[in-house]
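Please read the structure below before turning to the comments.
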Amino acid sequence: MIPFLDLTRQHAALKRELMAAAERVLDGSHFVLGAEGRALEAELMRLTDTRHAVGVGSGTDALRLALAALGVARGDEVLTPAFSFVASATTIAMAGATPVFVDVDPDTLTMDPDGAARAFTPRTKAVMPVHLYGHPAAMEALTAFARPRGLAVLEDAAQAVGATLNGRAIGGWGDAACLSFYPTKNLGACGDGGMVLTTRDDVAERVRRLRHHGDTGRYHHVELGYCSRLDEVQAAWLRVKLACLTEWTERRRAIAARYHAGLAGLPLRLPVERPGARHVYHLFTVRHAQRDALTKRLADLGVASAVHYPRAVPDQPLFATDGARRWPEASRAAREVLSLPCFPEMTDGEVQGVVDGVRRACEELG
């Protein structure tokens with residue numbers, strides 16, 4: 001079976017460096033808010049061309065704390081895509097605000113700027129575009145919509161570390177951006193973690209306070225905060241992996257190029273890379289009208305795959321709205337999307353095996 005993802009290969013190749021990094025933290029015995037975390041923050045600031053980076057416990061916490069730092073509160077509305085991982089919406093609810101779903105562009109499955117304009121109300125406080133699967137959202141159009149209306153822009157960049165749009169790094173377009181270091185991400189921890197990126201001093205200061213019990217100094221708590229700190233071992237391991245990120249991204253893009261060439265002409269909707277966008281292919285996600293049948297046939301042929309995501313966010317039981325009628329593109333995507341293996345450690349033979357398997361499965365399905 002060609003695996004969908006195999007992290008054991010990544011960690012086997014980096015084992016010596018990872019163990020040395022862990023030993024460095026153990027020897028120093030400073031496990032929270034120490035030098036490794038500060039170094040990782042500085043390195044990610046350089047990568048994303050932002051003024052501040054604040055490590056937190058998870059990508060979900062990054063979104064939740066960033067929303068609070070941007071002043072989102074009860075009674076506010078935040079525009080968010082109807083097709084994403086559920087945390088893009090649940091973190092808005094955690095802040096006490098209301099997620100207002102916006103349909104997605106059928107090619108990139110990122111937030112439709114025209115849909116965002118239609119969803120705007122006097123209660124709208126912020127816009128949260130998601131750089132889904134590693135492709136940048138339409139940030140120029142979205143910021144042009146948001147700025148004159150005084151709306152904060154929070155980028156959900158959990159799947160898009162290293163992506164760029166018109167030469168400008170994802171993470172620096174809005175008032176803040178959030179990364180996830182969940183193990184399966186392009187830059188994944190050996191556990192969990194997240195990061196808030198921002199060019200705003202006030203946002204960075206508040207996130208630093210909120211992640212540490214609302215503390216502005218030793219035992220001086222000025223507001224209700226949380227316990228959400230990126231620990232030093234994860235930061236040290238992430239620094240090892242960050243040094244490989246450019247190489248890994250190029251390999252993902254090379255695999256994607258082979259898929260585009262090898263799967264052309266099939267009854268599949270292949271990922272789109274908009275002019276000026278640099279996709280980092282966290283996922284290589286195709287669309288097929290008989291997605292479930294294709295999934296089963298690929299498994300029979302020895303090719304693993306995964307569905308990201310089988311429901312539009314408004315169709316989740318938590319929200320239970322009429323998604324198919326109100327957000328048709330998101331609901332259609334949920335019925336059709338299928339992610340193929342696309343990780344840097346894949347062999348060329350495995351890549352060709354995926355191409356051959358998909359071609360055969362599509363031909364058999366007709």
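What you see below is based on every heavy atom in this structure, not just the backbone, and it leaves out hydrogens, waters and symmetry mates.
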Within the distance-only criterion (no hydrogens, no angle test), does the side chain of E77 pair as donor or acceptor with the backbone N or O of A97 below 3.5 angstrom? no
Within the structure provided, determine whether V100 and T124 are in side-chain contact (heavy-atom separation under 4.5 Å). no
Would you check, one step at a time, whether the test side-chain hydrogen bond (donor to acceptor under 3.5 Å, both in side chains) holds for H212 with R229? CA-CA 7 Å; H212 190 52; R229 301 165 301 220; 2.8 Å; yes
Between the side chains of T199 and T50, does any donor sit under 3.5 Å from an acceptor? no
Atom OH of residue position Y182 - does it have more than 12 heavy atoms of other residues, nucleotides or ligands inside 6.0 Å? no
Exam field: side chain K125 to backbone A152, donor-acceptor pair closer than 3.5 Å: no
One pair to check against side chain to side chain contact (heavy atoms under 4.5 Å, CB included): V272 and D105. What are the steps and the verdict? CA-CA 11 Å; V272 169; D105 174 83; over 6 Å; no
Gap between atom OG1 of T295 and atom NE2 of H288 - 0.5 Å precision: 10.0 Å
Test log, rule side chain to side chain contact (heavy atoms under 4.5 Å, CB included), inputs K296 and Q290: CA-CA 10 Å; K296 183 179 185 305; Q290 300 180 68; over 6 Å; no
Would you give me the side-chain donor-acceptor pairs under 3.5 Å for residues 162-171, sequence neighbours excluded?
| unit_1 | atom_1 | unit_2 | atom_2 | d |
| --- | --- | --- | --- | --- |
| N166 | ND2 | E140 | OE1 | 3.4 |
| N166 | ND2 | E140 | OE2 | 2.9 |
| R168 | NH2 | G172 | O | 3.1 |

Has the side chain of R123 got a donor or acceptor atom that lies under 3.5 Å from a matching backbone atom of G75? yes
Is the shortest heavy-atom distance from the side chain of L340 to the side chain of L263 under 4.5 Å? yes
L318 and M94: same hydrophobic cluster, using ILVMFWY side-chain contacts below 4.5 Å? no
Over 12 foreign heavy atoms within 6.0 Å of CD, E17: yes
Side-chain heavy-atom pair R269, D107 within 4.5 angstrom cut-off: yes
Member of V161, L197, T198 meeting the side chain to side chain contact (heavy atoms under 4.5 Å, CB included) criterion with T48: L197
List the atom of F284, the atom of P271, and the distance in Å for their closest heavy-atom pair. CZ-CD, 3.5 Å
Value for OG (S180) from CG (D192), rounded to nearest 0.5 Å, stands at 6.0 Å
Compare all side-chain heavy atoms of V286 with those of Y259 and state whether any distance is below 4.5 angstrom. no
Taking the hydrophobic residues Ile, Leu, Val, Met, Phe, Trp and Tyr, and joining any pair whose side-chain heavy atoms are under 4.5 Å apart, which ones share a cluster with V196? V54, V56, L63, L65, L67, L70, V72, V78, I92, M128, L154, V203, V207, L210, Y226
Would the distance check show the side chain of W327 and the main-chain N or O of F101 forming a donor-acceptor pair, the cut-off being under 3.5 Å? yes
D103 side-chain N/O to A330 backbone N/O, donor-acceptor pair under 3.5 Å: yes
Should we say atom OH of Y133 is surrounded by more than 12 heavy atoms from elsewhere, each under 6.0 Å from it? yes
How far apart are the C-alpha atoms of L230 and L40, what are their side-chain angles, what is the distance that settles it, and do they pass the side chain to side chain contact (heavy atoms under 4.5 Å, CB included) test? CA-CA 10 Å; L230 179 63; L40 177 66; 3.7 Å; yes
Any donor-acceptor pair under 3.5 Å from E36 side chain to V233 backbone: no
Shortest non-hydrogen pair, A160 vs H131, comes out as CB-CB, 3.5 Å
A361 and R297: which non-hydrogen atoms are nearest, and at how many Å? CB-CG, 3.8 Å
Same hydrophobic cluster for V240 and L187, using side-chain heavy-atom links shorter than 4.5 Å among ILVMFWY? no
Under the side chain to side chain contact (heavy atoms under 4.5 Å, CB included) criterion, do W248 and E345 qualify, and how do the steps go? CA-CA 8 Å; W248 289 344; E345 296 79 20; 3.9 Å; yes
What heavy-atom pair brings V313 and F85 nearest, and what distance separates the two atoms? CG2-O, 4.4 Å
Decide yes or no on salt bridge (charged side-chain N to carboxylate O under 4.0 Å, His left out) for E41 and R38, but give the supporting numbers first. CA-CA 5 Å; E41 290 170 346; R38 290 192 296 272; over 6 Å; no
Applying salt bridge (Lys or Arg N to Asp or Glu O under 4.0 Å) as the test, list every pair that has at least one member in residues 147-166; sequence neighbours left out. R147-D175
V303-L365 co-clustered via ILVMFWY side chain contacts under 4.5 Å: yes
Check: E43 and L245 side chains under 4.5 Å, non-hydrogen atoms: no
Inspect the contact between R208 and E205 and indicate whether a charged nitrogen and a carboxylate oxygen are less than 4.0 angstrom apart. no
F4-H308 aromatic ring centre distance below 6.0 Å: yes
Close side-chain approach of R251 and F343, heavy atoms under 4.5 Å: no
Ignoring hydrogens and geometry, is there a side-chain-to-backbone donor-acceptor pair from R211 to G55 under 3.5 Å? yes
Any donor-acceptor pair under 3.5 Å from H11 side chain to L18 backbone: no
Is the distance from the ring center of Y219 to that of H213 below 6.0 Å? no
Do the side chains of E247 and E250 get nearer than 4.5 Å, heavy atoms only? no
Taking the side chain as every heavy atom from C-beta outward, state whether F145 and L79 have any pair of such atoms under 4.5 Å apart. yes
Any side-chain to backbone donor/acceptor pair from D76 onto A73? Under 3.5 Å, distance only. yes
If you round to the nearest 0.5 Å, how far is CZ of R274 from OG1 of T108? 5.5 Å
